[in-house]
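The block underneath contains the structure these notes are about, expressed in structure tokens.
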Amino acid sequence: MDNKAIEEKAIICFKDYILDSKVISPFLNENDKEPCWDGHLYVFSDVTKKKEFLVGRIPVQVKGKVVSNFITKKYKYPIDIRDLNAYKNDPTIYVVCQLKENNKEYKLFYRSLLPETIKNLLKGKNGQKSISVLLHDIPQDIKDFEDRARIFIGDRKKQLSFVDSKPFTLEDARQRQITNFTFLAPSRGMNQFEIMSYLSSNPSFLYAKVDTSLDIDFPIAGGPMSFVFNQTVYEDIKVGERVFYNQYVKEIKDGEMRIYVGNFMRLIITPDKKSESYHLNYNFDSKTTSLNERLIETEFIRSLSESGNFQIGELNLQIPITDEQYIAANNQELQNWRELKTLLDTLNVDKDLNIGDLKEKDSEYINILVKTILHKQTVGLTIKDNVIVNLAVSNVKLLLWASVNADGSCSVGDFFDGRVELMHRLDDGKDVKVTPFSYLQKEDLWIELDNIPFKNIVKYYDDIRPMHKHIFDIANFDILFMLKAYDKIEDKESVRCRSLLKASMELCDWLLNHNNAPAKDMIYRLNRLQIIKRERPLSMEELQYLDKIICSEDIAPNIKVGACLLAEAKDEFHSLYGQCSARQQNELESFPVWYFRKYVN
């Protein structure tokens, strides 16, 4: 076929397509001599197509292309830049018809060439004679094309006034504090979901209402754009009476509503235009690395498999799970995670285990700990003597003991379970029992370990109190090491920081309540105040107490220096610090109260 025949056949194919429409009349000439257009589409709001129902007229250019096989992926067609400049002032629907050689098959493509689209196409193309323009499949349903034709007319009206204006971006709108935006949708009767579904599946232009009194809508540069709508919805998700989640994410994208529950369930709700109903699809695909989250997920699936339905807010959804293999695998996984969670609870581990980082070695350690700690069984280990073990399982660090039994088997337990007896040698050579917490002065264990029983810390000291009086001084030193650990942690809002301060305060109060040596009372109170100062500013009453210490003639200078640091008494600090011996100065600088030195510079 020659070029003329190709063009004529392309126009006939496009006419055949448009003739299915009840509201569009094509006026296209096979032998048209006009340089940039082949005719027009007249769009009406009523099937009678009377003049009074005319919405508008759309210029059309139709091209034909003979192909051996249809080109469907990212099909581009060269358009003369002179034509594009003409279309910028007279927006046009550009149609290309691929014609199969040697048969009557054809495929239509189109592109709505509006001013904002053409501006994007021409950007940076100076000196070129033509531009390869990406075309889209023409909608199979003629009603979809009718919708796009009506929107084309609306967009053309909004954009023509700004053909020669500088680009106006969303950032420009933000800087001008513009909060009102408009867009065009195919029908005023659409509900909210239908509008958002349309905008998420059909690239649309966005307009900033720069002047509400004059009703001026300025096109946002870069369009048309597809929208994605996200919303966090705070509603209970439950099976039966059990609430598993209290929120979910609702996303409208590509014409679908997607509901994301936790990190494992996705519901896809797709509207069916023909039946005016919705299709529901779902899948479970856990992406969590959290043991606690995975426990909830597997418990949810088990409950759902038993009931067949669950609720999101007031909406009841039927999701029958009938795959017996899947159910059995989920139940076994749930049992394994529950056993692991019980183990961590037994070890006083509050940190959430990262199951995404579990290695083969971690699994071996877990099996050993479950057997020995939960089930009180013995195991075979390659050790010959009783040892203290610092063990890392994924992101959790544990302090444990391992002992060799008479038969050569081994037992393993929690370092804090009372089975390990620690002794401290006094200056006089006498050995006295101490709590496991005194061991944590080594290697930042107060920071690193995850099985420290912070909630019961006072009981350990109280159990030793009847044995010897030195436990008070030992407890006071343990407080100081807790505070030094606190100061090393950058995130002061972390769970570990809160635990350290809370345990320090409880132990300090225990000291004040049970101390029988009045001379130590002031030291304990000063330590209590430095705990408080790490939480909040000191009160007027607390500052007055410190001032009395600083002004007292009967208190040693090194004690007063500590009070100055807490009270932020700059002048007194420098005077009293100079009165301390070199040994006292070194000692002060090693104590956690020195953390407040920066406030008296």
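None of the values given here were measured: they were computed from a predicted structure.
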Original post:
Is there a donor in the side chain of Asn331 and an acceptor in the side chain of Gln335, or the other way round, less than 3.5 Å apart?
Top reply: no
Subject >> Spacing of CD1 belonging to Ile366 relative to CG belonging to Leu358, to within rounding of 0.5 Å >> reply: 5.0 Å
Original post:
In terms of side-chain geometry, is the basic nitrogen of Asp450 or Lys351 positioned less than 4.0 Å from the acidic oxygen of its partner?
Top reply: yes
Original post:
Is the Phe416-Phe437 ring centre distance short of 6.0 angstrom?
Top reply: yes
**OP:** Could you grab the distance from atom CZ of Phe481 to atom CG of Leu445, nearest 0.5 Å is fine?
**Re:** 11.5 Å
Original post:
Just checking, any donor-acceptor pair under 3.5 angstrom between side chains of Thr232 and Gln247?
Top reply: no
**OP:** Please name all residues satisfying side chain to side chain donor-acceptor pair (under 3.5 Å) with Glu568, sequence neighbours left out, ordered by chain then number.
**Re:** Lys533
Subject >> Partner residues of Asn451 under the side chain to side chain donor-acceptor pair (under 3.5 Å) criterion, sequence neighbours left out >> reply: Asp414
Subject >> With Asp350 via salt bridge (charged side-chain N to carboxylate O under 4.0 Å, His left out) - residues at least two apart >> reply: none
Original post:
Among pairs that include at least one residue of residues 232-247, which meet salt bridge (Lys or Arg N to Asp or Glu O under 4.0 Å), considering only residues two or more places apart or in two chains?
Top reply: Arg242-Glu299
Subject >> side chain to side chain donor-acceptor pair (under 3.5 Å) partners for Ser499, two or more places apart >> reply: none
Original post:
Taking Phe415 as the fixed residue, which of Trp401, Tyr439, Tyr460 is the one that meets the ring-ring contact (aromatic ring centres under 6.0 Å, His included) rule?
Top reply: Tyr439
**OP:** Could you check Asp345, Thr346, Leu344 and say which one makes a side-chain contact (heavy atoms from CB on, under 4.5 Å) with Thr342?
**Re:** Thr346
Original post:
Ion pair present between Asp285 and Lys287, side-chain N to carboxylate O less than 4.0 angstrom?
Top reply: yes
Subject >> Backbone N/O of Tyr198 and side chain of Asn202: donor-acceptor pair under 3.5 Å >> reply: yes
**OP:** Examine Phe472 together with Tyr524 and report whether their ring centres are nearer than 6.0 Å.
**Re:** no
**OP:** Would you list the pairs meeting side chain to side chain donor-acceptor pair (under 3.5 Å) in which at least one residue belongs to residues 418-438, sequence neighbours left out?
**Re:** Arg425-Asp431, Thr435-Tyr461, Ser438-Asp478
Original post:
Looking at SG of Cys551 and NZ of Lys560, how far apart are the two atoms once the value is rounded to the nearest 0.5 Å?
Top reply: 7.5 Å
Original post:
How many angstroms lie between CE in Met196 and CE in Met257, if you round to the nearest 0.5 Å?
Top reply: 6.5 Å
**OP:** Mind checking side chain to side chain contact (heavy atoms under 4.5 Å, CB included) for Pro592 and listing every partner two or more places apart, or none if nothing turns up?
**Re:** Leu480, Leu483, Lys484, Asp487, Gln530, Arg534
Original post:
Any Lys/Arg nitrogen of Asp444 or Lys488 sitting under 4.0 Å from an Asp/Glu carboxylate oxygen of the other?
Top reply: yes
Original post:
Do the non-hydrogen side-chain atoms of Ile452 and Leu440 ever get within less than 4.5 Å of each other?
Top reply: yes
Original post:
Below 6.0 angstrom between ring centroids: does that apply to Trp594 and Tyr599?
Top reply: no
**OP:** Dump the intermediate steps for side chain to side chain donor-acceptor pair (under 3.5 Å) on Tyr577 and Glu572, then the final yes or no.
**Re:** CA-CA 8 Å; Tyr577 182 72; Glu572 292 85 349; over 6 Å; no
Original post:
Do Ile319 and Leu267 touch side chain to side chain, with heavy atoms closer than 4.5 Å?
Top reply: yes
**OP:** Verify the neighbour count for atom CE of Met540: are there more than 12 heavy atoms of other residues, nucleotides or ligands below 6.0 Å?
**Re:** no
**OP:** Any side chain to side chain donor-acceptor pair (under 3.5 Å) involving residues 300-329? Give me the pairs, sequence neighbours left out, ordered by first then second residue.
**Re:** none
**OP:** Could you walk me through whether Asn292 and Lys341 pass side chain to side chain donor-acceptor pair (under 3.5 Å), step by step?
**Re:** CA-CA 8 Å; Asn292 293 338; Lys341 178 63 175 172; 3.3 Å; yes
Original post:
Does any non-hydrogen side-chain atom of Ile549 lie less than 4.5 Å from one of Leu526?
Top reply: yes
**OP:** Indicate yes or no for a side-chain donor-acceptor contact from Asp352 to the backbone of Leu291 under 3.5 Å, with no hydrogens or angles considered.
**Re:** yes
Subject >> Residue pair Tyr234, Tyr248: steps toward the ring-ring contact (aromatic ring centres under 6.0 Å, His included) verdict >> reply: CA-CA 7 Å; Tyr234 296 94; Tyr248 59 91; 9.2 Å; no
Original post:
So how far is it from Lys492 NZ to Leu501 CG, rounded to the nearest 0.5 Å?
Top reply: 8.5 Å
Original post:
Do the side-chain N and O atoms of Asn476 and Asn527 include a donor-acceptor pair separated by under 3.5 angstrom?
Top reply: yes
Original post:
Quick one: are Leu538 and Leu529 in side-chain contact, heavy atoms under 4.5 Å?
Top reply: yes
**OP:** Look up atom OG in Ser552 and atom CE in Met522, then write down how far apart they are to the nearest 0.5 Å.
**Re:** 6.5 Å
Original post:
Glu293: what forms a salt bridge (charged side-chain N to carboxylate O under 4.0 Å, His left out) with it, not counting sequence neighbours?
Top reply: none
**OP:** Report yes if the side chains of Ile471 and Val432 come closer than 4.5 Å at any heavy-atom pair, otherwise no.
**Re:** no
Subject >> Check against ring-ring contact (aromatic ring centres under 6.0 Å, His included), Phe310 and Phe244 >> reply: CA-CA 10 Å; Phe310 72 102; Phe244 285 87; 9.6 Å; no
**OP:** Not counting sequence neighbours, list each pair that qualifies as a side chain to side chain donor-acceptor pair (under 3.5 Å) and has a residue in residues 361-380.
**Re:** Glu339-His375
Original post:
Can you name the residues that form a side chain to side chain donor-acceptor pair (under 3.5 Å) with Asn246, not counting sequence neighbours?
Top reply: none
**OP:** Just do the salt bridge (charged side-chain N to carboxylate O under 4.0 Å, His left out) check on Lys520 and Asp473 with the steps written out, would you?
**Re:** CA-CA 9 Å; Lys520 300 291 179 68; Asp473 287 338; 2.8 Å; yes
Subject >> Chi angles and distances behind the side chain to side chain donor-acceptor pair (under 3.5 Å) call for Ser411, Asn405 >> reply: CA-CA 7 Å; Ser411 298; Asn405 303 315; 3.2 Å; yes
Subject >> Glu171, CD atom: more than 12 neighbouring heavy atoms under 6.0 Å >> reply: yes
Original post:
Which residue pairs pass the salt bridge (Lys or Arg N to Asp or Glu O under 4.0 Å) test with at least one member in residues 499-518, sequence neighbours excluded?
Top reply: Lys502-Glu506, Asp509-Arg528
Original post:
Once the angle between the rings of Trp510 and His514 is folded into 0 to 90°, is it parallel (under 30°), tilted (30 to 60°) or perpendicular (over 60°)?
Top reply: tilted
**OP:** Dump the intermediate steps for side chain to side chain donor-acceptor pair (under 3.5 Å) on Asn395 and Asp357, then the final yes or no.
**Re:** CA-CA 8 Å; Asn395 64 316; Asp357 283 343; over 6 Å; no
**OP:** Let me see the working for Arg258 and Val228 under side chain to side chain contact (heavy atoms under 4.5 Å, CB included), right down to the final yes or no.
**Re:** CA-CA 11 Å; Arg258 304 174 185 182; Val228 177; over 6 Å; no
